[in-house]
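These numbers were taken from a predicted model, which means no experiment stands behind them. Just so it is clear: chains get the letters A, B, ... in the order the sequence lines come, proteins before strands, and each one is counted from 1.
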Amino acid sequence: MELTHLDQIKEILETGELRRIEFEKTEDIEIINLFQGIYGVAYAWYAAGCRTLDDIRNKKAGIKVSEVQEIGLQHYDDINTRMPREEAHEIFVAIKETALSLDPKLFIEIMGSYRRGKSTCGDIDILITRSTEDGKTHEGILPTLLNMLQTMGIIHEHLSLPDLSVDPLEAVYRGLCVRPLREGEGPESKRLRRRIDFLTVPWINRGAALIYYTGDDIFNRSLRLKANKMGYSLNQKGLSAGVVRSPTRYTVKLCDGHMIASETEEEIFRILGVYSAAFHQVSADYECSRPSKVCLGKNLTNGYGPSKWSMLCLPVYPHGLLALGLRKLGAPATPQGRVKAIQAPSLNIVYTLPTLYKR
DNA sequence: GTACTGGTAGC
DNA sequence: GCTACC
DNA sequence: GTAC
Ligand SMILES: [Mn+2]
């Protein structure tokens, strides 16, 4: 008998894993995943006929490789090796100390997989903001901090620099770093390059930024989908009501609406009805920790078009639902083309926030 | 039978 | 429009 | 496909 998605979810919740797991191993996905480890282009290179990293290094098919992509190629193995949680911690401690030396009132947190409690981290994500109660802000901090970290030999290559001309309080940085030297270590000691990202936001947006930057990606999509169904819109700045979108071009906003929550995670979760053991006493059929992805492969049949789908992941989510990542076969094997969210509200699943969320 | 599918930034 | 972030 |  065929297992339904609901059966599979229950099995995962009850056993922690799903038997009969089959990874999606098709040539295009494998190669595009390889190329996505570079930074910058993946599907386009596959479409141009490249199949190996050397094809790209040799500029096969006349492809153009930017400066940033050359950096990605050069450090390919380093940046595609996950670091132990402890190394992320070491790097963050050094950065936090440097940042606080510039302004002791900065709010600086390590986000992403570290904040989700993972034992290894693919990169380091750092959120910076600052209380405005004394009339000051974190304006100008990030460029100064980046310069200092470069001088200290922590930050090495830049991949993407912030554009501060729109709002100097909002900045996104992407680059490569190494951990600080340990006691007794000389500069010759081998340290792997690590991907590092910084995000700065206005103080008022910190709650929404915490949610966004903690992730994971599917959790964010899932939460934003729920917000939409409730007539709201959620982004990294806040939760808004009254957003009106163009029916033809969905991303075009006809009306921005007004922000109803942004300063704390709790307020946003509360409005969205996402109860967490950290904030509320709740009863539920299941409790689960922040989503863990389970990869599996399965062909599904449906009513429209090419009828085969492959299921990529099955994370378990809060607000009594789950999301499945699906790719329609024949669709471009980009992350965008690959993922589709489906919900199962009949399962009453409670999402337990990591202890980091408590107060 | 119909509705569902994140939102934004940089280039 | 593509690639990136979560 | 799954939810309603
Ligand atoms: Mn990151």
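The pair A/Arg193-A/Glu87 fails the salt-bridge criterion, with no side-chain N (NZ, NE, NH1 or NH2) lying under 4.0 Å from an Asp/Glu carboxylate O.
The CG atom of A/Leu176 sits 14 Å away from the P atom of C/dA4 (whole-angstrom rounding). Going from atom CZ of A/Arg174 over to atom P of B/dT8 covers 15 Å, rounded to whole Å. The nearest whole Å value for the distance from the CD atom in A/Gln69 to the C1' atom in B/dG10 is 13 Å. A/Tyr173 places its OH atom 20 Å from the C1' atom of B/dT8, with the value rounded to the nearest Å. The distance between atom CD of A/Gln236 and atom P of C/dC5, rounded to the nearest whole Å, is 14 Å. Atom-to-atom, CH2 of A/Trp45 to C1' of C/dA4 comes out at 13 Å; the value is rounded to the nearest Å. In this entry the distance linking CG of A/Asp123 with C1' of C/dC5 reads 9 Å, nearest Å. For the pair A/Glu170 CD and B/dG10 P, the interatomic distance rounds to 9 Å; values are reported in whole Å.
Each of B/dG7, C/dA4, B/dG10 was ranked by its minimum atom distance to the side chain of A/Ser160; first place goes to B/dG10. Of all nucleotides listed (B/dT8, C/dC6, C/dA4), C/dA4 comes nearest to the side chain of A/Gln36. In the set B/dG10, C/dT3, B/dG7, the nucleotide with an atom closest to the side chain of A/Ala44 is C/dT3. Nearest nucleotide to the side chain of A/Tyr213, out of B/dG7, B/dA9, C/dC6: C/dC6. Minimum atom distance to the side chain of A/Arg224 is reached by B/dG7, of the listed C/dT3, B/dG7, C/dC5. When each of B/dG7, C/dC6, C/dA4 is scored by its nearest atom to the side-chain atoms of A/Asn228, the top-ranked nucleotide is B/dG7.
In this structure, A/Leu234 reaches the sugar-phosphate backbone alone: every heavy-atom distance under 4.0 Å involves primed, P, OP1 or OP2 atoms, never a base.
Hydrophobic cluster membership of A/Ile79, counting Ile, Leu, Val, Met, Phe, Trp and Tyr whose side-chain heavy atoms lie under 4.5 Å apart directly or via other members: A/Tyr39, A/Val68, A/Ile71, A/Leu159, A/Leu176.
Taking atom P in both D/dC4 and B/dT5, one finds a spacing of 15 Å when rounded to whole Å.
The side chain of A/Lys237 places no N or O atom within less than 4.0 Å of a non-bridging phosphate oxygen (OP1 or OP2) of C/dC6. At the phosphate of C/dC6, neither OP1 nor OP2 sits under 4.0 Å from any side-chain N or O atom of A/Asn235.
Remark: A/Arg51 qualifies as a cation-pi partner of A/Tyr46 under the 6.0 Å distance and 45° angle criteria applied to the six-membered ring.
Residues passing the side chain to side chain donor-acceptor pair (under 3.5 Å) test with A/Ser131: none are found, sequence neighbours excluded.
For C/dC5, the base has a donor-acceptor partner in the side chain of A/Tyr212 [N/O atoms by modelled type, under 3.5 angstrom].
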Q.
As a quick check of understanding, evaluate side chain to side chain contact (heavy atoms under 4.5 Å, CB included) for A/Phe92 and A/Ile108, giving each step before the final call.
A. CA-CA 9 Å; A/Phe92 177 64; A/Ile108 176 164; 3.7 Å; yes
